Amino acid sequence: MPGAVPTYSFLGPEGTFTEAALMQVPGAGDAVRVPASTVNAALDAVRESSADAAMVPIENSVEGGVTATLDAIAGGQELRIVREVLVPISFVLVARPGTRLGDVRRVSTHGHAWAQCRLWMDQHIPGAEYVPGSSTAAAAMGLLEPDCHYDAAICAPLVAQEQPGLPVLAENIGDNPGAVTRFVLVSRPGKLPERTGADKTTVVVPLPEDRPGALMEILDQFATRGVNLSRIESRPTGQYLGHYFFSIDADGHVGDARVADALAGLHRISPATRFLGSYPRADRQPIEVQAHTSDRAFAASRNWVESILDTESLQVESGSGPSPTA
Ligand SMILES: O=C(O)C(=O)Cc1ccccc1
């Protein structure tokens, strides 16, 4: 319905880094925001149409890809990435009032937060036991439950600011002060975001099996068309050992001839290739296109081949070889 307020699901509860990413989306402050307890639940809300789009983490600069997200969007009912958002990440350690650093034995947080605070933990709370949490904010809020079985949580500074019952034991405990996480807004297939000249395209390419050089062939589709890759990760398909797909981010939009041509090449090599969207880059850095891979160069080369077919195909002798359509 035009003008209706959109509904966004996100990895919650309130106070996650994912919610901070969602709040960067224009209009999200006035939208309906529905926290989900897992990435899969946030994406299912979109698949089932109870949300228009979901914000989920996909990659961070320290720990790499968020596998729960990469796997969830690679399979199942098709989804599209329509926007990416970058969030600088800093972590605090919170506990119940009265807890001192020396009392902390068990710490809960999201797996990616734990991985980013490992060195600090080893130095300040050696031997601390990790209790997996569904998100940083869920771990922090869990401390307020009467039957909580851990002593502290790693979360965003904002959670501690808004929750007086959770004093901060230590600030800036991330091992890398420049850590950034990339989030994506995912919706059902529909309207493709417009081409801006500073775009990214995400695809999932199952690796053809028992074919020497298959990965090289896949990469070559991009290389020969001057398309730069900004991320490539292999993930097991989960079907059986040794069966992989590649999750790839390429510079450019499917509306760019060189990207469209590369995707067509991927489809020939791996027909189950899945298009996951073309969307504006968060850093708005325009992509430099070499003259020979520009839209104009692709159109000129297509016209050239068509002109050959137009003028010369009639001269193929019948019966003297394979038919022109073979
Ligand atoms: O748990 C959160 O707050 C999230 O949004 C996921 C996450 C965890 C650690 C770094 C970035 C995102």
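In listed order, ligands and their atoms are each counted from 1. Everything quoted here is computed from the prediction, not taken from an experiment.
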Open item on the list: Quick one about Ser247 and Arg231 (side-chain donor to acceptor, distance below 3.5 Å, no hydrogens or angles considered), yes or no?
Closed with: yes

- [ ] Not counting sequence neighbours, list each pair that qualifies as a ring pair (Phe, Tyr, Trp, His ring centres under 6.0 Å) and has a residue in residues 261-303.
- [x]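 Those involving residues 261-303 do not exist here.
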
Task: Contact list for residues 88-107, test ring pair (Phe, Tyr, Trp, His ring centres under 6.0 Å), sequence neighbours left out - done: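 Only Phe17-Phe91 qualify under ring pair (Phe, Tyr, Trp, His ring centres under 6.0 Å).
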
Open item on the list: Please report the interatomic distance OG(Ser234) to CG(Leu70), rounded to the nearest 0.5 Å.
Closed with: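 Answer for the OG-CG pair, Ser234 versus Leu70, is 10.5 Å.
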
Mind listing the N or O contacts between ligand 1 and protein, cut-off under 3.5 Å?
unit_1: ligand 1; atom_1: 1 (O); unit_2: Thr136; atom_2: N; d: 2.7
unit_1: ligand 1; atom_1: 1 (O); unit_2: Thr136; atom_2: OG1; d: 3.3
unit_1: ligand 1; atom_1: 3 (O); unit_2: Phe17; atom_2: N; d: 3.0
unit_1: ligand 1; atom_1: 3 (O); unit_2: Thr136; atom_2: OG1; d: 2.5
unit_1: ligand 1; atom_1: 5 (O); unit_2: Phe17; atom_2: N; d: 3.3
unit_1: ligand 1; atom_1: 5 (O); unit_2: Thr18; atom_2: N; d: 2.9
unit_1: ligand 1; atom_1: 5 (O); unit_2: Thr18; atom_2: OG1; d: 2.5

Listed pairs under 3.5 Å, donor-acceptor, residues 280-288 side chains, sequence neighbours left out:
unit_1: Arg281; atom_1: NE; unit_2: Asp283; atom_2: OD1; d: 2.9
unit_1: Arg281; atom_1: NH1; unit_2: Asp251; atom_2: OD1; d: 3.2
unit_1: Arg281; atom_1: NH2; unit_2: Asp283; atom_2: OD2; d: 3.0
unit_1: Asp283; atom_1: OD1; unit_2: Gln285; atom_2: N; d: 3.0
unit_1: Arg284; atom_1: NH1; unit_2: Arg281; atom_2: O; d: 2.7

Open item on the list: Any non-hydrogen side-chain atom of Arg106 less than 4.5 Å from a side-chain atom of His149?
Closed with: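 Sidechains of His149 and Arg106: in contact.
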
